[in-house]
*Asks:* 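Quick one: the structure is below, questions incoming.
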Amino acid sequence: MLDRLASTLRGIGSRVIDRIWRLGFAARFFVYSLAYSGESFRRFHLVIKEIYFTGVLSLIIILVSALFVGMVLGLQGYNTLQKYGSSEAVGVLVALSLVRELGPVVTALLFAGRAGTAITAEIGLMKATEQLSAMEMMAVNPIARVVAPRFWAGVISMPFLAALFSMMGVFGGYLVAVPMIGIDDGAFWSQMQANVDFHEDIVNGVIKSCVFGVACTIIALFEGYDAPPTAEGVSRATTRTVVNSSLAVLGLDFVLTSFMIG
């Protein structure tokens with residue numbers, strides 16, 4: 001009995017130590033990514049190439065998802081506000097829901113599922129095929145050449161993707177509220193303009209999207225760089241990217257919202 005308890009405690013301790021070690025390695029990896037950013041900006045064409053890969057190629061899923069999210073918000077908002085005689089305010093509900101919360105959060109989750117997994121798999125395969133080791137042998141820093149351009153591409157792409165998500169979502173809410181349900185066009189837009197504040201709503205949403213961009217991109221890069229050089233290792237790293245990025249986004253959203261409200 002005592003031996004089994006001791007074995008269980010050793011297993012728990014080993015897993016805790018491993019998690020702490022990986023957290024420290026991830027923090028050092030993040031610092032190195034920032035430290036070598038200057039070299040990547042001197043070759044900005046690398047960043048532009050990665051912006052196309054992470055941002056432009058994610059536009060389809062972002063825009064289509066935003067359209068349907070906005071349409072659902074329009075339907076649900078009208079159904080709820082109609083009970084209180086405030087159906088004209090459906091535009092405000094759609095806009096505030098998207099700009100404050102759903103735009104940055106859903107964009108980050110979609111970004112992690114599409115671009116984050118691709119980044120992890122790409123870097124994991126580069127490690128498995130020893131391309132990163134070959135760069136080191138040729139005196140090329142893989143952090144500066146591979147990691148930093150992808151990091152800044154993700155950070156730059158996320159706010160623009162979140163803004164496009166919110167715009168398309170508002171358009172989807174408009175399609176449902178005005179042509180389908182019959183809400184007055186002028187009331188829809190005028191109440192939205194009067195109640196959406198630039199600093200309290202739009203700027204806070206941009207701040208959230210920037211923070212989510214840093215979190216999702218560095219998690220994807222670290223998981224790929226730390227992946228065991230096997231097919232199973234790369235697949236597990238890709239799965240961890242989605243799980244960890246989703247949890248990080250939701251946790252950071254609560255923390256940021258608490259500070260912004262309070």
*Asks:* Over all heavy atoms of both residues, which pair between Gly224 and Ile123 is shortest? Give the atoms and the distance, please.
*Replies:*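 Closest approach of Gly224 to Ile123: C-CG2, 3.7 Å.
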*Asks:* What's the separation between atom CD1 in Ile156 and atom CG in Leu161, rounded to the nearest 0.5 Å?
*Replies:*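 These two atoms lie 12.0 Å from each other.
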*Asks:* Do the non-hydrogen side-chain atoms of Gln191 and Val90 ever get within less than 4.5 Å of each other?
*Replies:*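 Side-chain contact under 4.5 Å: no.
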*Asks:* In chain order, what residues pass the ring pair (Phe, Tyr, Trp, His ring centres under 6.0 Å) check against Tyr225, with sequence neighbours excluded?
*Replies:*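 For Tyr225 the ring pair (Phe, Tyr, Trp, His ring centres under 6.0 Å) partners, ignoring immediate neighbours, are Phe29.
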*Asks:* Should Val155 and Cys210 count as side-chain neighbours, where that means a heavy-atom distance under 4.5 Å?
*Replies:*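 Not in contact.
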*Asks:* Just by distance, no angles: are the side chains of Thr230 and Glu232 close enough, under 3.5 Å, to form a donor-acceptor pair?
*Replies:*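 No donor-acceptor contact under 3.5 Å links the two side chains.
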*Asks:* With the side chain counted from C-beta on, respond yes when Val170 and Met192 share a heavy-atom pair under 4.5 Å apart, and no when they do not.
*Replies:*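 Yes; the side chains approach each other to less than 4.5 Å.
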*Asks:* May I ask you to decide if Leu75's main-chain N or O and Asn79's side chain share a donor-acceptor pair within less than 3.5 Å?
*Replies:*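 Between the backbone of Leu75 and the side chain of Asn79 there is no qualifying donor-acceptor contact (under 3.5 Å).
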*Asks:* Considering only heavy atoms from C-beta outward, does the side chain of Thr117 approach that of Thr120 to under 4.5 Å?
*Replies:*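 They are not in contact (no side-chain heavy atoms under 4.5 Å apart), so the answer is no.
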*Asks:* Considering only NZ, NE, NH1 and NH2 on the basic side and carboxylate oxygens on the acidic side, decide whether Arg236 and Glu223 come within less than 4.0 Å.
*Replies:*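 Here Arg236 does not pair with Glu223 in a salt bridge, since their nearest N and O are not under 4.0 Å apart.
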*Asks:* CG of Leu93 to OG1 of Thr80: how many Å apart, nearest 0.5 Å?
*Replies:*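 Answer for the CG-OG1 pair, Leu93 versus Thr80, is 7.5 Å.
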*Asks:* Looking at every heavy atom in both Ser33 and Ile218, which two are closest together, and how far apart are they?
*Replies:*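 So the minimum-distance heavy-atom pair works out to OG-CD1, 3.9 Å.
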*Asks:* With side chains defined as the heavy atoms from C-beta onward, is the minimum distance between Val69 and Phe165 less than 4.5 Å?
*Replies:*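 Counting from C-beta outward, Val69 and Phe165 do come under 4.5 Å.
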*Asks:* Return the set of residues passing side-chain contact (heavy atoms from CB on, under 4.5 Å) with Ala115 (not counting sequence neighbours), or none when no residue passes.
*Replies:*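 Testing Ala115 for side-chain contact (heavy atoms from CB on, under 4.5 Å), a comparison that skips the adjacent residues, returns Thr54, Ser58, Phe111.
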*Asks:* Count the heavy atoms belonging to other residues, nucleotides or ligands that lie under 6.0 Å from CE of Met167, then report whether that count exceeds 12.
*Replies:*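 Not more than 12 within 6.0 Å, no.
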*Asks:* With heavy-atom distances below 4.5 Å as the criterion, would you say the side chains of Thr217 and Trp152 are in contact?
*Replies:*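 Not in contact.
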*Asks:* Starting from Met137, walk the hydrophobic network (Ile, Leu, Val, Met, Phe, Trp, Tyr; side-chain heavy atoms closer than 4.5 Å) and list everyone else you reach, by chain and number.
*Replies:*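 When side chains under 4.5 Å apart are linked, Met137 ends up in no cluster with other residues.
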*Asks:* Which heavy-atom pair separates Cys216 from Ala108 by the least distance, and what is that distance?
*Replies:*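 Minimum heavy-atom contact is SG-O, 3.9 Å.
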*Asks:* Would a hydrophobic clustering, with Ile, Leu, Val, Met, Phe, Trp and Tyr connected at side-chain separations under 4.5 Å, put Leu81 with Ile181?
*Replies:*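 Per the 4.5 Å side-chain linkage, Leu81 and Ile181 are co-clustered.
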*Asks:* Could you tell me whether Phe68 atom CZ has more than 12 heavy atoms of other residues or ligands within 6.0 Å of it?
*Replies:*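 No.
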*Asks:* Kindly compute the distance separating CG (Leu125) from NZ (Lys127), expressed to the nearest 0.5 Å.
*Replies:*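 With rounding to 0.5 Å, CG (Leu125) is 12.0 Å from NZ (Lys127).
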*Asks:* Can you measure from CG (Leu59) to CG (Leu164) and round to the nearest 0.5 angstrom?
*Replies:*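 Leu59 CG to Leu164 CG: 6.0 Å, rounded to 0.5 Å.
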*Asks:* Consider only side-chain heavy atoms of I, L, V, M, F, W and Y, link residues closer than 4.5 Å, and tell whether Leu96 and Phe171 are in one cluster.
*Replies:*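 Shared cluster, yes.
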*Asks:* If I compare all heavy atoms of Ala187 with all of Asp184, which pair ends up nearest, and what's the gap?
*Replies:*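 Residues Ala187 and Asp184, closest heavy atoms: N-OD2, 2.9 Å.
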*Asks:* Under the salt bridge (Lys or Arg N to Asp or Glu O under 4.0 Å) test, which residues partner Glu101, sequence neighbours left out?
*Replies:*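 Salt bridge (Lys or Arg N to Asp or Glu O under 4.0 Å) list for Glu101, sorted by chain: Lys208.
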*Asks:* Can you pull out every ring pair (Phe, Tyr, Trp, His ring centres under 6.0 Å) where at least one residue sits in residues 176-195? Sequence neighbours excluded, please.
*Replies:*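 The answer is Tyr174-Phe188, Tyr174-Trp189.
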*Asks:* Closest approach of Leu73 and Ser97, non-hydrogen atoms and distance?
*Replies:*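 Shortest heavy-atom contact: CD1-CB, 4.0 Å.
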*Asks:* So Val94 and Leu98, side chain to side chain contact (heavy atoms under 4.5 Å, CB included) or not? Walk me through it.
*Replies:* CA-CA 6 Å; Val94 171; Leu98 288 167; 3.7 Å; yes
*Asks:* Do the side chains of Leu34 and Ile119 join up, straight or via other hydrophobic residues, at under 4.5 Å, putting them in one cluster?
*Replies:*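 Result: yes, single cluster for both.
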*Asks:* Apply the test side chain to side chain contact (heavy atoms under 4.5 Å, CB included) to residues Ile48 and Tyr52: give CA-CA distance (whole Å), side-chain angles for both, the deciding distance (0.1 Å), then the verdict.
*Replies:* CA-CA 6 Å; Ile48 296 296; Tyr52 175 80; 6.0 Å; no
*Asks:* To the nearest 0.5 Å, tell me how far Leu109 CG sits from Leu250 CG.
*Replies:*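 Nearest 0.5 Å value for the CG-CG distance: 5.5 Å.
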*Asks:* What are the two closest non-hydrogen atoms of Ala112 and Ser245, and how far apart are they?
*Replies:*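 The answer is CB-CB, 3.6 Å.
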*Asks:* Nearest 0.5 angstrom please: Arg150 CZ to Glu122 CD, how far?
*Replies:*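 Here the rounded value is 4.0 Å.
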*Asks:* Are side-chain heavy atoms of Val146 and Met135 found at a separation under 4.5 Å?
*Replies:*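 Of all side-chain heavy-atom pairs linking Met135 with Val146, at least one is under 4.5 Å.
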*Asks:* Mind checking whether Leu67 and Val105 sit in one hydrophobic cluster, side chains of I, L, V, M, F, W, Y counted as touching below 4.5 Å?
*Replies:*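 Same cluster.
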*Asks:* Clusters formed by hydrophobic residues whose side-chain heavy atoms approach within less than 4.5 Å: which one holds Leu23, and what are its other members?
*Replies:*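 Answer for Leu23: none, a lone residue.
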*Asks:* Tell me whether Leu221 is reachable from Leu46 by hopping between hydrophobic residues (I, L, V, M, F, W, Y) whose side-chain heavy atoms are closer than 4.5 Å.
*Replies:*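 No, no single cluster joins them.
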*Asks:* Taking atom CD as the centre, does Glu136 end up with more than 12 heavy-atom neighbours from other residues, nucleotides or ligands that are less than 6.0 angstrom away?
*Replies:*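 Yes - once you tally the heavy atoms of other residues, nucleotides and ligands closer than 6.0 Å, there are more than 12.
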*Asks:* Is there a side-chain contact between Phe212 and Asp253 in this structure, where contact means two heavy atoms from C-beta onward sitting under 4.5 Å apart?
*Replies:*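 Yes, their side chains come closer than 4.5 Å.
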*Asks:* Examine Arg114 relative to Phe53 and say whether NZ or CZ is less than 6.0 Å from the centre of the six-membered ring and inside a 45° cone about the ring axis.
*Replies:*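 Yes, Arg114 lies over the aromatic ring of Phe53.
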*Asks:* Do the ring centers of Phe222 and Phe30 come within less than 6.0 Å of each other?
*Replies:*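 They do not qualify: ring centres at least 6.0 Å apart.
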*Asks:* Can you tell me if Arg145 has over 12 outside heavy atoms packed within less than 6.0 Å of its CZ?
*Replies:*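 Open.
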